[in-house]
Amino acid sequence: TVTENEFLALPVYDGTTKVGEIRDFPYYGNDADARLSVDERTARLFLVHYMGAITAEHPKVVALSELCRTLTDAGIRCVLYVSPVDWGDGVKALGPRFLRQVRQNIATVRSVVPARNTVFLDLSEDLRPEQFSSEPKPTVHLSQSGRLHVAGKVAAALERWSGEGKAGR
């Protein structure tokens, strides 16, 4: 269990540069810094949630790699997908560097996933901002059309894969 104080002390990165701790980035509701405009608060949220560089050595990336290898070694197919990201609002808030960092992080994760018996779907840039359902931004909550899109893409990949009788990537 992580205490609130431990959570607030977690580092925030912009790429590989530490830019503060969670406590330095108040957001949402009563914690929102009233001196900041909505656009500034949105930019800070995208920074906290998306702009840290992910490395292949990150414990969660290592665990994902090990899980996929264990499953594929046992002959079990892995289906992984990157959830849609509100990239339109991310670019609006932080400029083109937002997409560069998201793409780099996805490439890092993809690089540690075994190709054999694995489907890796990158849906990160599939949706438009209006296909996300709630405020404040950024959000991972999809509208009905966003959910239908993701479900359709995953179902289509599974159908193609099962029709092949072997793994695809």
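- Taken together through direct or relayed side-chain contacts under 4.5 Å among Ile, Leu, Val, Met, Phe, Trp and Tyr, Leu67 and Val79 form parts of separate hydrophobic clusters.
- No chain of hydrophobic side-chain contacts below 4.5 Å, direct or via other Ile, Leu, Val, Met, Phe, Trp or Tyr residues, connects Ile76 to Val154.
- When every heavy atom of Gly88 is checked against every heavy atom of Pro129, the shortest pair comes out as CA-CG, 3.9 Å.
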**Evaluation steps, ring pair (Phe, Tyr, Trp, His ring centres under 6.0 Å), between Tyr81 and Phe120** = CA-CA 6 Å; Tyr81 72 90; Phe120 188 99; 9.7 Å; no
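- Atoms CZ and NZ, from Phe46 and Lys92 in turn, are 10.0 Å apart once rounded to the nearest 0.5 Å.
- When side chains are defined from C-beta on, Phe25 does not count as touching Leu45, because their heavy atoms never get closer than 4.5 Å.
- Annotation for Leu36 and Arg44: closest pair CD1-CD, 3.3 Å, computed over non-hydrogen atoms.
- For the pair Leu121/Val82, no side-chain contact is recorded, criterion being any heavy-atom separation below 4.5 Å from C-beta on.
- Atom CD of Glu6 is surrounded by more than 12 heavy atoms from other residues, nucleotides or ligands within 6.0 Å.
- Between Ser65 and Val113, every side-chain heavy-atom pair lies at or beyond the 4.5 Å cut-off.
- Considering Ile106, Val85, Leu99 in turn, Leu99 is the only one that fulfils the side-chain contact (heavy atoms from CB on, under 4.5 Å) rule with Glu125.
- The two residues Pro84 and Val150 make their nearest non-hydrogen contact at CG-CG2, 3.5 Å.
- Here the side chains of His58 and Val62 are not in contact, with every heavy-atom distance at 4.5 Å or above.
- At distances below 3.5 Å, not a single donor-acceptor pair connects side-chain atoms of Asp14 with backbone N or O atoms of Leu47.
- Under a 3.5 Å cut-off, the side chain of Thr118 and the backbone N or O of Arg116 do form a donor-acceptor pair.
- The closest donor-acceptor contact from the side chain of Arg77 to the backbone of Thr72 lies at 3.5 Å or more, if one exists at all.
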**Request:** Carefully, step by step, assess Asn117 and Leu71 under the rule side chain to side chain contact (heavy atoms under 4.5 Å, CB included).
**Result:** CA-CA 9 Å; Asn117 274 347; Leu71 292 171; over 6 Å; no
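- Panel note: side chain Asp24, backbone Glu21; a donor-acceptor pair is recorded below 3.5 Å.
- At least one side-chain heavy atom of Arg23 sits under 4.5 Å from a side-chain heavy atom of Asn5.
- The shortest side-chain heavy-atom distance between Phe98 and Met51 falls under the 4.5 Å cut-off.
- Judged purely by atom type and a 3.5 angstrom limit, Glu66 has no side-chain atom pairing as donor or acceptor with the backbone of Ala63.
- For the residue pair Gln101 and Gly15, the shortest heavy atom distance occurs at OE1-CA, 3.5 Å.
- Two residues are said to be in side-chain contact when any heavy atoms from C-beta on lie closer than 4.5 Å; Asp126 and His149 meet this criterion.
- Using a distance-only test at 3.5 Å, with no hydrogens or angles considered, a donor-acceptor pair links the side chain of Gln131 to the main chain of Arg128.
- To the nearest 0.5 Å, the span separating CG on Asp86 from NE2 on His49 amounts to 12.5 Å.
- Between the side chains of Asp122 and Ser124, a donor-acceptor pair is found at a separation under 3.5 Å.
- Tyr13 and Ile22 fall into different hydrophobic clusters, defined by Ile, Leu, Val, Met, Phe, Trp and Tyr side-chain heavy atoms under 4.5 Å apart, directly or through other members.
- Among all heavy-atom pairs drawn from Leu94 and Ala43, the shortest one is CD2-O, 3.8 Å.
- In this structure, Phe132 and Leu127 approach most closely via the heavy-atom pair CE1-CB, 3.9 Å.
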**Item:** Derivation of the side chain to side chain contact (heavy atoms under 4.5 Å, CB included) call for Leu80 and Cys68
**Value:** CA-CA 9 Å; Leu80 305 171; Cys68 289; 3.6 Å; yes
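- Connection of Leu10 to Leu8 is established within a shared hydrophobic cluster, with ILVMFWY side chains joined at heavy-atom distances below 4.5 Å, either directly or through further cluster members.
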